[in-house]
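Here is the naming used below: chain letters follow the sequence lines, and residue numbers restart at 1 for every chain.
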Protein chains: 2
Amino acid sequence: MATIHDVAKRAGVSVTTVSRVLNNRGYISEATRSKVYRTMEELDYQPNEIARSLLRKQSNLIGLIIPNVSHPFFAEFADRVETYAYECGFKIVLCNSQLDPAKERDYIDMLKRNRVDGIIMGSHTMEVDEYLKLHSPIVTFDRQIGGDIPAVSSDNYLGGELAAKHLIAKGCRKIAHICGNLELKLMANLRTEAFMDVLREHAVESVVIETDMNVFDQVQYERIMEKLFKQHPDVDGLFATSDIIAATAVRHCGAVGKRIPDDVKVVGYDDVAVANWIVPALTTVRQPIGEMGRMAVDLLRKQMDGEAVERCSVLPVELIERSTT
Amino acid sequence: MATIHDVAKRAGVSVTTVSRVLNNRGYISEATRSKVYRTMEELDYQPNEIARSLLRKQSNLIGLIIPNVSHPFFAEFADRVETYAYECGFKIVLCNSQLDPAKERDYIDMLKRNRVDGIIMGSHTMEVDEYLKLHSPIVTFDRQIGGDIPAVSSDNYLGGELAAKHLIAKGCRKIAHICGNLELKLMANLRTEAFMDVLREHAVESVVIETDMNVFDQVQYERIMEKLFKQHPDVDGLFATSDIIAATAVRHCGAVGKRIPDDVKVVGYDDVAVANWIVPALTTVRQPIGEMGRMAVDLLRKQMDGEAVERCSVLPVELIERSTT
DNA sequence: TTAGATATGTCAAACGATTGACATATCTAA
DNA sequence: TTAGATATGTCAATCGTTTGACATATCTAA
C-alpha cells in the first residue's frame, strides 16, 4: 500500500507538500494541489489513519457495548448510533457482551487498548465501582452510575405509568407485569416502580415476574407465560417490559385460547419494528430509540470537547395504542 | 495514560525488558516478570494497540458492511460474526450502508484508511469492477464477484426448490413469489430461478414481484400485498424471500380475511427468530446464519494467512415446517 | 575452568504520518 | 526598490511500541 513518501516521490514534491495538501494548511498552488491529488488517485493512496491516530492521540473510534445486537431493541439502537456517529466522523466498534460480566470487562480493556475516543455502555452487569476507573469519555445507556458518568435513558417512570393507567382505563382488574432483573440497578426498574404505584393507587391486583429482558430466550419466556397463566388464570392485563416479551405473551394467549384484547390486554415496551407487524399489532410504550442513539453520541462528543454534560438525559416516551388493548 | 516508558521507569527496568514480558520473548526471571506485571496493574497500563498496529502492519480490525443492522437477518448475522471474530482476536467495525452505493464506497475507503485486516461485504449495490481494486482480504456475502473474491452463501437454489415443492405438495395452484431486486447480481436470485423451474415443471401458475428485501420498509411491503391480492385474488400460496416480508403477508392476509394456511399458504426465508414467534408461526427455509458468519470470518483469516480459499462456500439450507402451510 | 544458558541493559531503527522552525525563491503591489 | 505574500523545500522531532544487534554479568554444569 502506497505511503505519503511514494506519493511525494511520484509527484515530484516533498512529503511536507503532500501533507500540506492533505491537511489543507500553508500555501499550496492549484497546480501542485491537483498534481498531488492526481498522483494519489493513480497510486490509490489512502492516508494511514493508524499513523494519524498515533500522532493525534485520537482514533475516531467509539466502542458500543450492548448485550446483543440480535435483540431488536439493541439492533435498532446500534443502527441509529452507527448512522449518526458516521455523520460525525466516528466509526463504531461493535461489542456483544451477552450480559457476561467477564466479557464486559474484557471489552472495556480491549477498547482502552485500542484507544477509542469514547464508549457507549449499554450492558450493565459489572459492579458500579469498576466504572469509576474508566477515565475515557463514556455514556451509559439506561443506568445511572455513582460518579458523574452521564446517562441517557427515556422517561421510564412515565412509561410504566402510561402503561398501567392505560390497562386500568381499559378495565383490567388483575394485571401481570414482566420486568427485567431488578437487582441490576437499571433505570428501567422505574417502569416497575411506576406500575406498582399506579396499581396500588387504583387498588388493582398485580403479579410481578422478573426475567432477563435484554437477551431473548424464547424458551424462558414461554415457560414464564405458562406458569403465569396457570397460577393466575384470572389475569386480564399484562404489561411486559419489552415488545419481544409482549409478542411471546400474545402468541401464548393465542395458543391457550385466550382472546386478545377481549380476555387479556397486552402492553409492550420499546416500539421496535416488530411491534407493528405482529397480529394483533401491539399497544406499546415507544422509546425514542433514534434520539437516544443521537444523544449518546452527542454526549460523548461534548465530553471529548471538554464541555460539561448533564448527568442524566431523559427523553420522552409515548403510548402507542394498537390492537392488543 | 501510562506508556511503556512509565512502566519501565516505575518498575526500575528498561523498556526492552517490559516489552519482553509483554510479548513473552527472550529470557525473563520470574521476579522481574511479576514486578512488571504488578507495576502495570498499579498504573492501569494498557498497551497502545494503535502503536502496535502501526508497527505490525495489522490492526486486528474487520469491517462489516451490511445494508442495515436493524434488519433481523443482518442483526443475527452481525451478532454471530462479532462473537466469532472476537474469539479469534478481531474487532468488528460496523457499517450500515443503507443500500446506498455512495455510502458503500465511502465505507470501503474508510476501512482501507483504517487498515482493517479484512472486509465482510454484505451489501451489494456497487458495480462489480469496483471490487476488483480492493486488494485487502475480502469476502462477499451472497454475491459472486467476477475476480476470485471468495463468497459465502447458502444453497439458494435448493432453498427456492424446497419452498416451491413444499407449497405445491400442499396443494397450491397459483403461487406468488416476492423476491429481491433481480438486477443486483445476488446469489439469492437463485431462489427465484429454482422457484420458476419447479413451477414450470409442475405447470403451476406463478406471479413474481421484485422488491428491496434487505431494507425493510413496511409501507412498501404492505402496498405490494394489497396490489398482489387485488390483482390476483386466486393466489393460494406465497413464497417470500425473507421472513420479514412473509410476516407482513401473514398480517395482511389476516386483515383482509384470508385464512392461513387454509386460503393462502406462506413460506418465508431465513428463519430469523421472529419467524417462530409470530402467529401463526412461519414455515420457512432456514439459512445457517451462525455458520455463515463463522465461515466469513474463517475465509478472511485464511486469506490473511496466505492460504488459498474456495471461491464460493455454499452452506446447506433446510425447510422448517410450522403453521403457515 | 569454562562454555553455554540465563537475565538484563543500551542503542537505534522502524512503522506512517504531522508539524514547527527555518531557508529559499518567485511574484505582487505600494 | 522592496516588504510582504505566496510557494515549496529541508530537517528533525514526535506519537508508543517492537526488535535486532550487541554488551555485560551472573549462574550452572560438564
Is there a side-chain polar atom (N or O) of [X] under 4.0 Å from OP1 or OP2 of [N]?
X: A:S53; N: D:dC15; answer: no
X: A:T17; N: D:dG9; answer: yes
X: A:R56; N: D:dC15; answer: no
X: A:N23; N: C:dT18; answer: yes
X: B:R52; N: D:dG16; answer: no
X: B:Y27; N: D:dT26; answer: no
X: B:T32; N: C:dT8; answer: yes
X: A:K57; N: D:dG16; answer: yes
X: B:S19; N: D:dT17; answer: no

TODO: Side-chain contact test, heavy atoms from C-beta onward, threshold under 4.5 Å: evaluate it for B:M121 versus B:E104 and give yes or no.
DONE: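 Side-chain contact under 4.5 Å: yes.
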Distance check needed: [N] [atom2] versus [X] [atom1], whole Å only.
X: A:R113; N: D:dT17; atom1: CZ; atom2: C1'; answer: 15 Å
X: A:Q58; N: D:dC15; atom1: CD; atom2: C1'; answer: 13 Å
X: B:R33; N: C:dT6; atom1: CZ; atom2: C1'; answer: 13 Å
X: A:K9; N: D:dG9; atom1: NZ; atom2: P; answer: 15 Å
X: A:N48; N: D:dC15; atom1: CG; atom2: P; answer: 18 Å
X: A:N114; N: D:dC15; atom1: CG; atom2: P; answer: 20 Å
X: A:L43; N: C:dG16; atom1: CG; atom2: C1'; answer: 15 Å
X: B:H5; N: C:dT10; atom1: NE2; atom2: C1'; answer: 13 Å

When we call it a touch if two heavy atoms are under 4.0 Å apart, what does [X] touch: a base, just sugar-phosphate, or nothing?
X: B:S29; value: sugar-phosphate
X: A:L55; value: base
X: A:R25; value: sugar-phosphate
X: B:T16; value: base
X: B:I50; value: nothing

TODO: May I ask you to decide if the ring planes of B:F73 and B:F77 are parallel, tilted or perpendicular, using 30° and 60° as cut-offs?
DONE: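 Ring orientation of B:F73 relative to B:F77: parallel.
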Task: Parallel, tilted or perpendicular: ring planes of B:F74 versus B:F141, cut at 30 and 60 degrees - done: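 Rings of B:F74 and B:F141: perpendicular, over 60°.
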For [N], the Watson-Crick or wobble partner whose two distances fall under 3.5 Å:
N: C:dA14; answer: D:dT17
N: D:dT2; answer: C:dA29
N: C:dA21; answer: D:dT10

Task: Test: B:E49 and B:R52 ion pair at under 4.0 Å - done: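 Yes, this pair counts.
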- [ ] Flag the pair B:K9 and B:D6 as a salt bridge only when some basic side-chain nitrogen lies within less than 4.0 angstrom of an acidic carboxylate oxygen.
- [x]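 Here B:K9 does not pair with B:D6 in a salt bridge, since their nearest N and O are not under 4.0 Å apart.
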Task: Which residue lies more 5' along DNA chain C, comparing A:A2 with A:R20 via nearest heavy atoms - done: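 The residue mapped nearer the 5' terminus is A:A2.
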- [ ] Would you mind telling me which residue lines up with the more 5' stretch of DNA chain C, A:Y45 or B:E30, judged by nearest nucleotide?
- [x]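 It is B:E30, whose closest nucleotide lies nearer the 5' terminus.
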Task: Side chain of A:A51 - closest among D:dG9, C:dA17, D:dT17 - done: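 Looking only at heavy atoms from C-beta outward on A:A51, the closest nucleotide is C:dA17.
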Task: B:N96 side chain vs B:Q98 backbone, donor-acceptor pair below 3.5 Å - done: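 No, because the side chain of B:N96 does not come within donor-acceptor range (under 3.5 Å) of the backbone of B:Q98.
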Task: B:N23 side chain to B:R25 backbone, donor-acceptor under 3.5 Å - done: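 Looks like no, no N/O pair under 3.5 Å.
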- [ ] Decide yes or no, distance alone: a donor-acceptor N/O pair under 3.5 angstrom between the base of D:dG16 and the side-chain of A:R115.
- [x]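 Absent.
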